[in-house]
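See below for the structure under consideration.
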There are 2 protein chains.
Amino acid sequence: MGVGLRHEPAEAVLTRGLSGDEVGGTLCDTASVPPAPRPTLEDVAARAGVGRGTASRALSGSTGVRESTRTTVLAAARDLGYRPNAAARSLVTRRTGMVTLALWEPIDRMFADPFLAATVRGLGRVLRQHDHRLVLLPLEADDDPTDALDYLRDGHTDGVVVVSSHGPHDLGTALAGRDVPVVRIGRALHDDGLPWVDVDNLTGGRLAAEHLLDRGCRSPAHVTGALETHAGWVRRQGYRVALAAAAENVAPREVEGDFSWESGRAGALVIMSSWPDTDGIFAASDAAATGVLAALADLGVSVPGRVRVVGFDDSPLSWASSPRLSTIHQPIAELGERAGRRLLEVLGIAGVTTSGSDAAQLLPVRLVERAST
Amino acid sequence: MGVGLRHEPAEAVLTRGLSGDEVGGTLCDTASVPPAPRPTLEDVAARAGVGRGTASRALSGSTGVRESTRTTVLAAARDLGYRPNAAARSLVTRRTGMVTLALWEPIDRMFADPFLAATVRGLGRVLRQHDHRLVLLPLEADDDPTDALDYLRDGHTDGVVVVSSHGPHDLGTALAGRDVPVVRIGRALHDDGLPWVDVDNLTGGRLAAEHLLDRGCRSPAHVTGALETHAGWVRRQGYRVALAAAAENVAPREVEGDFSWESGRAGALVIMSSWPDTDGIFAASDAAATGVLAALADLGVSVPGRVRVVGFDDSPLSWASSPRLSTIHQPIAELGERAGRRLLEVLGIAGVTTSGSDAAQLLPVRLVERAST
DNA sequence: TTGAAAGCGCTAACAT
DNA sequence: ATGTTAGCGCTTTCAA
């Protein structure tokens, strides 16, 4: 603000030359055009010379309307520039055609999340196919979610997709049984009965560990993700499963992390000092794996020469790091699609069904081999 | 999909151990709880022993209700878990309390945009202060915007904020005069009368160029932004203004770019081969400036030794580059706030006014000096 | 200060 | 196949 005071808008002069006409956008175009009230269905019906009911049926593509009548009505609607009033319609249908993706995390992180874009794309595509629309509801993570919950419950939206949050707060739980259908992307640590879709983190963890073993690692270690998240917990399970199945039954070496770069770095330092003969590290996220790489570089440990490293996510980090990271790829866009489909199914949208089995909700992951292993 | 077929959900076994109870989220909790219809205002009124009108007044904090009555009604509402039906309310009030930030660009870019987070934060904060809520409407850039326009016009939202898009498509123009108030962040190249807020790009361009001159550059050059955008055009204007005002009246050296990294790189190559004595480069964005740095590094030209480089945006790129980039900082969050305030003003929200002058809508920028100059 | 009643614009059930 | 009518749940006159 202090800066603003001393600010001199030199631009005022020059832009006039650019824009030609008035600059700045008129606040009110008053006195130019009378408000021109939006035409209602009534108007359309009148112009088409039919009753309101017929007009409604014609416009909504409902059956039982003579073709010629429909044409007339459609023409009238077009001529008038008619658009149905969303509130009136949804008051009676109890539907809005909207689905909300609730984003409850720090806004900066939200827009730095490489998965969000893919999620939005997949989700949006499916919804569009079924004449629904996606909107995003950004919530500051530390905000009181009360009024956001109200928004979600008050009939603005037909359904909600929540991205399973890490931590104590959970929008999904808060919304469960609260007037509005919810589908979760990623599971809650403790199942609360909400429908969900998820990637197969267990197999992912197993694949990562097996890959290390295949590469000849005899003493692999794991920097876990946040263990209060389902993903973190289960990825570790997968790691354990693989080691337990290994011929020589190697003992798991584990350090608890939280998916962050810093936890990866710290974890690697702990691992290499506790178990100096460690020859492979599986980090529960690419961010953490990148931290592991940094730590190993600092220690002068060669990768993959002396220690092999595998991450999880196949995020942009994994190919920007050096050496480029072997990692577990997740089909995020498809996850979004599945979430959308599942929600539409819950909403009872015609033609949308998904197998109800767990397996169908669990999307496959795959190992991507790069230079770090 | 092919992968999915051969996918084996090993997890089914183990998660059962984790979650304890049933896994996967029940699709329907049928037969457990009868639908439990949401209480309406009628119900609240009945429980409070008053008429519907009184209940409405009490709940909406309207004056002319005996205090005891209000208390009773509020209690009844709380007991019933009453929430007003959004559709019914907005049908009569013609207001929704919602503002939409329309995002019409490739979704991947959208979520990589370092400014979007700040915009959302600033905008959301202001709206919240005035009991409005922000939702984001993501549109695939290549999508047909028709149905998105319909959404925006059909009464779902009280107002729209558009981030001035680069290119021929422009949501703002498409929405102008179309039933719904619009405020633009960043101006259109040719003023179309829509209200807008913007940063002072002219001064920004001037500051960047003056900074180069101050540093002793005698032969500065400019890689412009996309000249079909207002920002690109005006930043160049600022550059020209500074050079024209310089004592020795240096001739502007300009290469047209488009804000991208690649255009910065290509532009620098052209500049250094066309005018080898160039000793300063102003790039119209940090991304482009980073490209300039890359090109100069390839050419073995030292920065800032032989050529000084200044960018624009103060994005994360500017401090991640090497050398760290001198650049023009923009108050993005405040820009979002201003946009929100301006929109609320247009909506006639009590207590919100902004000076209508251009100057007030033009936010100051400032030079941030780092290592590249 | 409060109750009763009139819609907001639409869909759906009921007549015709 | 089409016109008429009854609401959806709320706010807002208009009386009382």
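Each chain gets a letter, A, B and so on, in the order its sequence line appears, and its residues count up from 1.
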Q) Is the shortest side-chain N to carboxylate O distance from B/Arg38 to A/Asp154 below 4.0 Å? A) yes
Q. Do the side chains of B/Arg133 and B/Arg128 get nearer than 4.5 Å, heavy atoms only?
A. no
Q.
Looking at A/Trp196, I'd like to know if the NZ or CZ of A/Arg184 sits under 6.0 Å from its six-membered ring centre while staying within 45 degrees of the ring's axis.
A. no
Q: Please confirm whether the backbone N or O of A/Thr96 pairs with a side-chain atom of A/Asp158, one donor and one acceptor, at under 3.5 Å?
A: yes
(Q) Quick one, A/Arg52 with A/Asp43, criterion salt bridge (charged side-chain N to carboxylate O under 4.0 Å, His left out). Give me CA distance, side-chain angles, the key distance, then yes/no. (A) CA-CA 9 Å; A/Arg52 212 174 41 218; A/Asp43 300 326; over 6 Å; no
Q.
Can you tell whether the side chains of A/Arg341 and A/Glu337 come within less than 4.0 Å, N to carboxylate O?
A. yes
Q: Answer with base, sugar-phosphate or nothing: what part of the nucleic acid does B/Ser90 contact at a heavy-atom distance below 4.0 Å?
A: nothing
Q) Using a cut-off of less than 4.0 Å, is there contact between a side-chain N or O of A/Ser56 and OP1 or OP2 of C/dA12? A) no
Q: Identify whether any heavy atom of A/Gly49 sits under 4.0 Å from a base atom; if not, whether one sits that close to sugar-phosphate; answer base, sugar-phosphate or nothing.
A: sugar-phosphate
Q) Under a criterion of less than 4.0 angstrom to any heavy atom of chain A, what are the 5'-terminal and 3'-terminal contacting nucleotides of DNA chain D? A) D/dA1 to D/dG9
Q: May I have the distance from A/Glu42 (atom CD) to C/dC10 (atom P), rounded to whole angstrom?
A: 9 Å
Q: May I ask you to decide if A/Asp150's main-chain N or O and A/Asp147's side chain share a donor-acceptor pair within less than 3.5 Å?
A: no
Q.
Need one value for A/Ser62: base, sugar-phosphate or nothing, where a base atom within 4.0 Å counts as base even if backbone is also close, heavy atoms only.
A. nothing
Q.
As an exercise, state the distance from CG of B/Leu103 to CG of B/Asp113, rounded to the nearest 0.5 Å.
A. 9.0 Å
Detail all sub-3.5 Å separations between protein N/O atoms and N/O atoms belonging to nucleotides 4-8 of chain C.
unit_1 : atom_1 : unit_2  : atom_2 : d
C/dA6  : N6     : B/Arg52 : NH2    : 3.4
C/dC8  : O3'    : B/Arg94 : NH2    : 2.6

Q.
By nearest heavy atom, map A/Val65 and B/Arg89 onto DNA chain D; which one lands nearer the 5' end?
A. A/Val65
